[in-house]
Colleague: 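A single structure is presented below for examination.
Here is the naming used below: chain letters follow the sequence lines, and residue numbers restart at 1 for every chain. Quick caveat: nothing in here was measured; it's all calculated off a predicted structure.
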Amino acid sequence: MNLQSTIQAILTQAVQSCLDEGDFSAPMPEVVIGHPKRPEHGDFACNVALALARPAKRKPRDLAEAIVARIEDSESLLAATDIAGPGFINIRFSESVWHRLLGDILAAGESWGAGETRESPRVLIEFVSANPTGPLHVGHGRGAVVGDALARLLRLAGYPVTTEYYLNDAGSQVQKLARSLQYRALELLAARDDSRTAPAEPAEGEWYPGDYVIVAAQRYLDEVGEPPSGDPTAGQLSDLAAFAVEQQRISIAATLDRLNISFDVWFSEKSLHESGALTEALAEMRSKRHLFDQDGSVWFRSTDFGDEKDRVVVRKSGEPTYFAADIAYHRNKYDRGFDHLINIWGADHHGYIPRMKGAAQAMGRTAESLEVLLVQFVALIKDGEKMKQGKRLGQFVTVDEVVEQVGADVARYFFLERKFDAQVDFDLDVALSEDPKENPAKYTQYGHARACSILAKAESELGMKVPAYDLALAARLTHPDELAILRRLADFPVIVSEAAEAREPHRIVTWLHDLARAFQSYYTRLRRDNDTVLPPASQRDAGWQQRWDMDKMKARLLWVDAIRLVSRNALTLLGLEAPTYMTRLEDPDTSGGQDA
RNA sequence: GCGCCCGUAGCUCAGAUGGAUAGAGCGUCGGACUUCGAAUCCGCAGGUCGGGUGUUCGAGUCACCCCGGGCGCACCA
């Protein structure tokens, strides 16, 4: 049980006592606990007296006084309970609570922050699912990182989570890819053999002209041999298509791997067609009278579920639509035992949500069991101007380009830093700059590296390992910043839980950045105050141990270890490296700058 | 025209589900290294929270209406 839950329980009990004893009468309210904005107001604040004022028809301050009088603090956790302002109840824990908390954190280790493991709902997160017809671009990258972080977040919060990539290996775009591969392979053959005639370039819009197809074509020649020629109909090119798709899948997986993302499942759209799952899904919907025939096509009456118009599932030609496959796909997800589906889509797909939720309902599921999160676009800034993006323009920045330039950690940090439902600007001029500058991703990692560095130095130079936790030792932590940082560490499990429920990984980033800042601020100021954690080199003469406050140092080593641990947990949660050391940068100003 | 997302400091964004004096980073300006790591820290300046009306003890947060930006409105995937 975390401290926030503890204080909530105490106050809930107090309010209940007031009601039972007739101090005032009102329906039992929900007791909400938060942090006051100003730390001098206490560790936690509660506004329940304000909320009760209206139903109880009493002044909030009177209510607050009654509630405070009923607080039972059997374990003497509380140092102060004040009533402030219009009727806030401000709570301050005694210092020993924070000292004990340090022991809890160190004992929990990697599981500090984890929620209680639960069996249900089983969650399937589907994300990226970009067509396997080319490299991932920056927009895909954002969805990929957000989806991955969300999966990590929900797992840490305790949910059973599976991640999945829906591979669109059926449909017209795959034939287009096969045609492109065929053309490139024949082109390569003609280039090395004069007796061959070069193939005719496919019509514009009928193929993918990108260089990556040439790479795949070369591999095809190496591994399979000469491609089939002639009229590129689907049947003749199906082997070619399968090869091309697999090449792209491998390439995409490699890109994602560089971003520290891997999927539990790659789900093939084609398998739905081949297994008959698609036919089955439509048959079920027909039997439940959700389909009708009109104009030679088969329609899903999605308007029954709030969609603005009905949708075709089988074309006049007899070919099922992409939507039909998606219905079968989601039916399959449910059939595999997942009760809660999370789909992460690009913002341009929002019009697709009502029909998909309608399909879920038509299959007997709730609209809520299918949760669609829309990741907004990334606007690229180059030379101070927004770039027009899009495949049609042939200019889009790939994930690989970005990762190569800035590294996976910085790229991930950038995508996770903001709410995903707001558009962001990605300034290439800054991100791709060789100058590392001030970088919040590096700054945050540096907090962890610095903590590691202190511990390493204590051991290597002073022979001091992190001691075993001991409450008397922890009680030596009296610096206000030390206690304030312990409060932050205590928040981590709460932040994890709230961020998971709200689907907002960026809250972890904000929290971690704040922690790093608090730690670095403390650390730099200690030096100014001549109150360092470890004795400076100048003081390590013979017998320094007698003059140095060894217990305070040990307590601080414990404390630094807790910061290291929780920082590491948070970085891992975000999918970032937790470096133990970062090479020192040269200061550009000291190496030959001009006189001012 | 209809629908979804977004408008908070010069720029990029937080604001923990309606609370107390709206916060960071970058940028500007001024300071702090003989010392446990200066990839650091401290300080100054910078705001009618796009505008308006409403809901109530209380609104950046909720509702409605405007203004502005982005994206959708396929028998494409």
Colleague: Side chain to side chain contact (heavy atoms under 4.5 Å, CB included), that's the test. Do A/Leu512 and A/Leu515 meet it? Break it down for me.
Modeller: CA-CA 5 Å; A/Leu512 181 58; A/Leu515 173 66; 4.3 Å; yes

Colleague: Flag this pair as yes if the NZ/CZ of A/Lys176 is under 6.0 angstrom from the six-membered ring centre of A/Tyr208 and inside a 45 degree cone about the axis; otherwise no.
Modeller: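 Yes - A/Lys176 lies over the ring of A/Tyr208, closer than 6.0 Å to its centre and within 45° of its axis.
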
Colleague: Compute both the distance and the angle, then confirm whether A/Arg355 meets the cation-pi test with A/Phe300: under 6.0 Å from the six-membered ring centre, within 45 degrees of the axis.
Modeller: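 No - A/Arg355 does not lie over the ring of A/Phe300 by the 6.0 Å and 45° rule.
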
Colleague: Would you kindly compare A/Asn168 and A/Arg507 by the position of their nearest RNA chain B nucleotide and give the one closer to the 5′ end?
Modeller: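 Nearest-nucleotide comparison on RNA chain B picks A/Arg507.
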
Colleague: Would you kindly give the NZ-to-C1' distance between A/Lys442 and B/C26, to the nearest whole Å?
Modeller: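 Going from NZ in A/Lys442 over to C1' in B/C26 covers 18 Å.
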
Colleague: For A/His506, answer base if it contacts any base atom (sugar-phosphate contacts may also be present), sugar-phosphate if it contacts only those atoms, and nothing otherwise; contact means non-hydrogen atoms under 4.0 Å.
Modeller: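 A/His506: backbone/sugar contact only, no base atoms under 4.0 Å.
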
Colleague: Given that both distances must come in under 3.5 Å, which nucleotide forms a Watson-Crick or G-U wobble pair with B/A45?
Modeller: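 B/A45 is unpaired by these criteria.
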
Colleague: Should B/C26 form a Watson-Crick or G-U wobble pair with both distances under 3.5 Å, which nucleotide is its partner?
Modeller: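 Result: B/G10.
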
Colleague: Please state whether the base of B/U56 and the side chain of A/Arg54 form at least one donor-acceptor pair under 3.5 Å?
Modeller: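 In this structure, the two groups form no donor-acceptor pair.
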
Colleague: Identify the nucleotide, in any strand shown, that forms a Watson-Crick or G-U wobble pair with B/U61, with both distances under 3.5 Å; if there is none, say none.
Modeller: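 Its partner: none found.
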
Colleague: Pull up the glycosidic torsion of B/U17 and say syn or anti, syn being anything within 90° of 0.
Modeller: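 It is syn.
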
Colleague: Taking atom types as they are modelled, is there a donor-acceptor pair under 3.5 Å from the base of B/A14 to the side chain of A/Asp514?
Modeller: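 Answer is no: no donor-acceptor pair is held.
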
Colleague: When you get a sec, tell me which of B/U12, B/A77, B/C6 is the closest nucleotide to the side chain of A/Asp421?
Modeller: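 Closest nucleotide to the A/Asp421 side chain: B/C6.
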
Colleague: What nucleic acid atoms does A/Arg527 come within less than 4.0 Å of, heavy atoms only: base, sugar-phosphate, or nothing?
Modeller: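 If one applies the 4.0 Å heavy-atom cut-off, A/Arg527 turns out to touch a base.
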
Colleague: So does A/Ser297 reach the base of B/C75 with its side chain, donor to acceptor, closer than 3.5 Å?
Modeller: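 Check passes, donor-acceptor contact within cut-off.
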
Colleague: Tell which nucleotide pairs with B/G3, taking only Watson-Crick or G-U wobble pairs whose two distances are both under 3.5 angstrom.
Modeller: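 Check on B/G3: paired to B/C71, both distances under 3.5 Å.
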
Colleague: Assess whether one donor atom and one acceptor atom, taken from the side chain of A/His350 and the base of B/G3, lie less than 3.5 Å apart.
Modeller: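 By the distance-only test, yes, there is a pair.
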
Colleague: Are OP1 or OP2 of B/A38 and a side-chain N or O of A/Arg450 less than 4.0 angstrom apart?
Modeller: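 True: A/Arg450 side-chain N/O within range (under 4.0 Å) of B/A38 OP1/OP2.
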
Colleague: With rounding to whole Å, what would you report as the distance between B/G58 and B/U53 at their P atoms?
Modeller: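 Rounded to whole Å, the distance is 16 Å.
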
Colleague: Mark yes or no: A/Arg249 above the aromatic ring of A/Trp266, with NZ or CZ under 6.0 Å from the six-membered ring centre and no more than 45 degrees from the axis.
Modeller: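 Checked: cation-pi criterion met.
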
Colleague: Using a heavy-atom cut-off of 4.0 Å across all strands, would you classify A/Ser521 as base, sugar-phosphate, or nothing?
Modeller: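 Sugar-phosphate, backbone atoms only, no base.
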
Colleague: Do A/Arg92 side-chain atoms and A/Thr81 backbone N/O form a donor-acceptor pair below 3.5 Å?
Modeller: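 Here the side-chain-to-backbone pair does not exist.
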
Colleague: In terms of side-chain heavy atoms of A/Arg540, which of B/C42, B/C36, B/G69 is nearest?
Modeller: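 Taking heavy atoms from C-beta onward, the closest nucleotide is B/C36.
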
Colleague: Among B/C42, B/G19, B/G37, which nucleotide has an atom closest to any side-chain atom of A/Lys457?
Modeller: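 Among B/C42, B/G19, B/G37, the one nearest the side chain of A/Lys457 is B/G37.
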
Colleague: Do the side-chain N or O atoms of A/Lys419 get closer than 4.0 angstrom to the phosphate oxygens (OP1, OP2) of B/G15?
Modeller: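 Looking at the OP1 and OP2 atoms of B/G15, one of them is under 4.0 Å from a side-chain N or O of A/Lys419.
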
Colleague: Return the value, rounded to whole Å, for the distance between atom CG of A/Leu526 and atom C1' of B/A38.
Modeller: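 Atom CG in A/Leu526 sits about 15 Å away from atom C1' in B/A38.
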
Colleague: May I ask you to verify if any side-chain N or O of A/Tyr581 is less than 4.0 angstrom from the OP1 or OP2 atom of B/G37?
Modeller: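 Answer is no, no contact under 4.0 Å.
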
Colleague: Measuring to OP1 and OP2 of B/G3, would you say a side-chain N or O of A/Tyr352 lies under 4.0 angstrom away?
Modeller: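 A/Tyr352 to B/G3 OP1/OP2: no side-chain N or O under 4.0 Å.
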
Colleague: Test A/Phe127 against A/Tyr165 for ring-ring contact (aromatic ring centres under 6.0 Å, His included), laying out the working first.
Modeller: CA-CA 6 Å; A/Phe127 57 104; A/Tyr165 188 118; 8.3 Å; no

Colleague: From the list B/C71, B/A77, B/G37, which nucleotide is the closest neighbour of the side chain of A/Ser172?
Modeller: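 The answer is B/A77, which lies nearest to the side chain.
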
Colleague: Using heavy atoms to find the nearest nucleotide of RNA chain B for A/Tyr322 and A/Asn47 separately, return the residue whose nucleotide is more 5′.
Modeller: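 The answer here is A/Asn47.
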
Colleague: Could you give the CG-to-P distance, from A/Asp481 to B/C42, as a whole number of Å?
Modeller: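 In whole Å, B/C42 P and A/Asp481 CG are 10 Å from each other.
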
Colleague: Using a heavy-atom cut-off of under 4.0 Å over every strand shown, decide if A/Pro60 touches base, sugar-phosphate, or nothing.
Modeller: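 No contact at all - A/Pro60 keeps every heavy atom at 4.0 Å or more from the nucleic acid.
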
